[in-house]
Amino acid sequence: MAEKTKEVVESWSFLDTVESNFTPLVVIELAKGTKEETIEWFTKRIVDKKANGGAQLLVKPLVTENGVENIYLVGASHLRLLLGAETVGLVKECSDKSMRTFTYSSRKTFKDFADDNHNFLTMAECQYIIKHELENLRAKNEKMIPGYPQAKLYPGKSIVRRLLTSGILVQIFPLHDREELKKLRHRWYGRVKVGYQPLDDIRCYFGETIALYFGFLEYFTFALIPMAVIGIPYYVFAWEDYDKYVMFATFNLLWSTVILEVWKRICAILTYRWGTLLMKRQFEEPRPGFHGVLGINPVTGREEPVYSSVKRQLRIYLVSLPFVCLCLYFSLYVMMIYFDLEQWALDYHKENESNFSSLMLYVPSIIYAVVIEIMNRIYRYAAEFLTSWENHRLESSYQNHLILKVLVFNFLNCFASLFYIAFVLFDMKLLRQSLATLLITSQILNQFAESLLPYWLQKRYNRRMKKRMCSQKTDRDLSIAEQVNMEKEMGTYLGTFDDYLELFLQFGYVSLFSCVYPLAAVFAVLNNITEIYSDALKMCRVYKRPFAEPTANIGVWQLAFETMSVISVVTNCILIGMSPQVDALFPDSKMDLVLTVALVELTYFHQFNICFHGNMI
């Protein structure tokens, strides 16, 4: 053990940090007019040895026709990346097929490892290592960023996070590998084919978090196919009879719970193969936006901002909670306006009985669907502002509170009208019309706003950039300069939040009320097929390459989908109890009907829990 430790220490000591010819992996863009002393200090900290508090990476300025800009290319030697892989706890496959945490001292026991094999670590893993090392550059004895007295530092403070919050550092992003990206595009969406996505290739290029999202999207699309296959004949042969939905509702409640349990097993298989299922969770650092009075962290003993949890709770319960309740009330108020419009359209149709009046019946639902999308997006910005103002210390806590706020509002905003129609108005014809209109309109709007519009804007920018580059002289550095200048202006991928939210709402539309509109699953399948291609195109052509983020599952979204599944079971059981066929079995006592439905729900949950969490473990 002592010899292995000595080997690692010697490797760090002799690691070269003055290598001019290296492969750029990450781009750092500083603000225009950044002071020279700041640049010199920051780049020195990047290349300094670990023993001196540096990152021990390689860095060089980007040289263009206009000279040196405030853009720097960061890379690392092969040895440095291997040592970094051990630091971040990457899990790799060994020669004996087992999965173990990588250590430099036992490197030769790992599959495909060789001292001259620079592909042992994927490019995404290399960029993740560099990001980790940059984010862990910490102040030592500095009290401020050199040249910027207002940008305060204290021992242990992340330098990169302070530069970001001070506006000195504009952005850090990983570079695309144009050759690998071209191959991935061809395998992924370059040709229309029926088959699985190249999830392993997506994981190697974009990391586990994004690969797992596309894996879930693909799985969910396949899981919808049985619902769609059953839904088409059910819709065709029972089109005008809205009450014959008992069998479909029964299948619906089984489907909505089984698919999530199966996904958990598929997810575990994928993440074990990728090595993230066994990765140890790292100690979470304070998020960049966290602020407070300087104090001592009782866990790490380091000096860092401290903020009273009592103040945070007061902000949550006295400001955020009332604001969310006010938004929910406003959403219900808009819903009642929608029902007034529906009544007006119905009265107009009864008076005129024309083709135009028949079309007018769909107008209130379309307007309401558009208003729902606008309200969801406005509320999202408000929720982000409030959650940031609550001043959560950890990024995970911030994300959990944000997701809770957004899900509660989106659920009420999207589904309240459907529940009202089903259980207050008891109008199955209107429920079918509203569900169809809300689902289809939201899918069209999402496809346009999230994929078509960004792609069109990015294509216009790329065309202008290529014309400008072609007018300049070509030299050996122009290709990397062109790539960096094109990529730094591309949009930033903000994560999988919106993508999972869209699938969550789609799952709600299908699992809650598709028994009265069986074509809901058909439209969901068609939407998801185009979503796979449009999201793939978006990742490869519209956005900057995101940093890889290791993950073992889809996180809090698994709980969100399971909660929706429980609501779906309850809803479908009530719909079954409301059907004329079941209602006829209890002609004398409605209380017996209510108790029977409740008993069926409890029995179902109990048996399902035993089946999946007992026998199948």
Side-chain angles (χ1 to χ4, degrees), residues 25-26 81-104 106-107 109-113 119-136 174 177 180 184 188 196-220 260-285 394-396 399-400 403 493 495-497 499-500 503 535 539 545-562:
L25 294 171
V26 174
L81 292 170
L82 292 175
L83 294 170
E86 178 176 348
T87 302
V88 300
L90 288 184
V91 175
K92 305 290 284 184
E93 185 179 356
C94 294
S95 301
D96 60 0
K97 304 293 184 182
S98 63
M99 304 294 291
R100 296 177 195 168
T101 303
F102 178 82
T103 57
Y104 183 74
S106 60
R107 60 193 180 277
T109 64
F110 288 87
K111 183 181 177 181
D112 298 328
F113 179 84
N119 295 321
F120 175 70
L121 298 174
T122 67
M123 189 175 182
E125 288 172 336
C126 295
Q127 291 167 333
Y128 170 69
I129 291 166
I130 290 177
K131 173 177 175 275
H132 176 271
E133 296 298 340
L134 289 174
E135 288 183 341
N136 279 276
D177 183 330
E180 286 300 317
L184 177 61
W188 196 359
Y196 297 107
Q197 297 177 94
L199 292 180
D200 290 330
D201 295 334
I202 297 169
R203 174 252 170 182
C204 286
Y205 195 86
F206 288 109
E208 291 77 15
T209 298
I210 291 173
L212 211 53
Y213 159 70
F214 279 101
F216 181 73
L217 174 58
E218 178 181 271
Y219 166 77
F220 184 52
L260 295 177
E261 292 301 322
V262 175
W263 163 251
K264 283 197 277 191
R265 283 150 181 77
I266 293 174
C267 179
I269 292 170
L270 287 173
T271 52
Y272 179 80
R273 187 168 77 223
W274 296 338
T276 53
L277 185 65
L278 306 176
M279 276 189 75
K280 295 178 181 177
R281 286 192 64 185
Q282 294 182 339
F283 179 78
E284 266 195 275
E285 298 291 338
L394 302 178
E395 184 65 27
S396 60
Q399 288 294 333
N400 289 341
I403 289 173
Y493 182 66
T496 55
F497 185 100
D499 298 315
Y500 278 120
L503 289 179
D535 281 356
M539 294 302 305
R545 184 180 189 174
F547 279 105
E549 289 293 340
T551 186
N553 47 55
I554 62 174
V556 71
W557 289 105
Q558 180 73 37
L559 178 61
F561 277 89
E562 288 175 353

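- In this view, Asp177 satisfies the salt bridge (charged side-chain N to carboxylate O under 4.0 Å, His left out) rule with no residue, not counting sequence neighbours.
- The two residues Ala124 and Tyr205 come nearest to each other via the heavy atoms CB-O, 3.5 Å.
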Pair Leu90-Ile129, side chain to side chain contact (heavy atoms under 4.5 Å, CB included): steps then yes or no:
CA-CA 9 Å; Leu90 288 184; Ile129 291 166; 4.2 Å; yes
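- Under the side chain to side chain donor-acceptor pair (under 3.5 Å) criterion, Asp200 pairs with Arg273, Trp274, sequence neighbours left out.
- In this structure, Phe220 and Phe216 have parallel ring planes: the angle between them is below the 30° cut-off, well short of the 60° mark.
- Counting only residues at least two apart or on different chains, the salt bridge (charged side-chain N to carboxylate O under 4.0 Å, His left out) pairs with a member in residues 203-215 are Glu125-Arg203, Arg203-Glu208.
- Applying the ring pair (Phe, Tyr, Trp, His ring centres under 6.0 Å) criterion to Phe497, with sequence neighbours excluded, gives Trp557.
- The aromatic rings of Phe120 and Phe113 lie perpendicular to each other, with more than 60° between the two planes, well past the 30° mark.
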Verify side chain to side chain contact (heavy atoms under 4.5 Å, CB included) between Gln127 and Lys131, making sure each step is shown before the conclusion.
CA-CA 6 Å; Gln127 291 167 333; Lys131 173 177 175 275; over 6 Å; no
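- Of all heavy-atom pairs spanning Thr551 and Thr276, the tightest one is O-OG1, 2.7 Å.
- For Arg545, there are no salt bridge (charged side-chain N to carboxylate O under 4.0 Å, His left out) partners two or more places apart in sequence or in a different chain.
- Listed by chain and residue number, Ser106 satisfy the side chain to side chain donor-acceptor pair (under 3.5 Å) test with Thr103 (two or more places apart in sequence, or in another chain).
- Scanning for side chain to side chain donor-acceptor pair (under 3.5 Å) contacts around Asp499 gives Tyr493, with sequence neighbours left out.
- Among residues two or more places apart in sequence or in another chain, the side-chain contact (heavy atoms from CB on, under 4.5 Å) test is passed with Gln558 by Leu260, Trp263, Lys264, Ile554, Glu562.
- With contacts defined as side-chain heavy-atom distances shorter than 4.5 Å, the pair Ile130/Phe547 does not qualify.
- Under the rule for a side-chain contact (heavy atoms from CB on, under 4.5 Å), the partners of Glu218 that lie at least two apart in sequence or sit in another chain are Tyr196, Gln197, Leu199, Phe222.
- For Tyr500, there are no side chain to side chain donor-acceptor pair (under 3.5 Å) partners at least two apart in sequence or on another chain.
- For Asp96, the side-chain contact (heavy atoms from CB on, under 4.5 Å) test picks out Cys94, Ser98, Arg100, with sequence neighbours left out.
- Nearest approach of Ala552 to Cys267, heavy atoms of both residues: O-SG, 3.7 Å.
- For Asp112, there are no salt bridge (charged side-chain N to carboxylate O under 4.0 Å, His left out) partners two or more places apart in sequence or in a different chain.
- For Thr209 (side chain) and Glu549 (main-chain N/O), a donor-acceptor pair under 3.5 Å exists by modelled atom type.
- The main-chain N or O of Tyr104 is found under 3.5 Å from a side-chain atom of Glu86 such that the two form a donor-acceptor pair.
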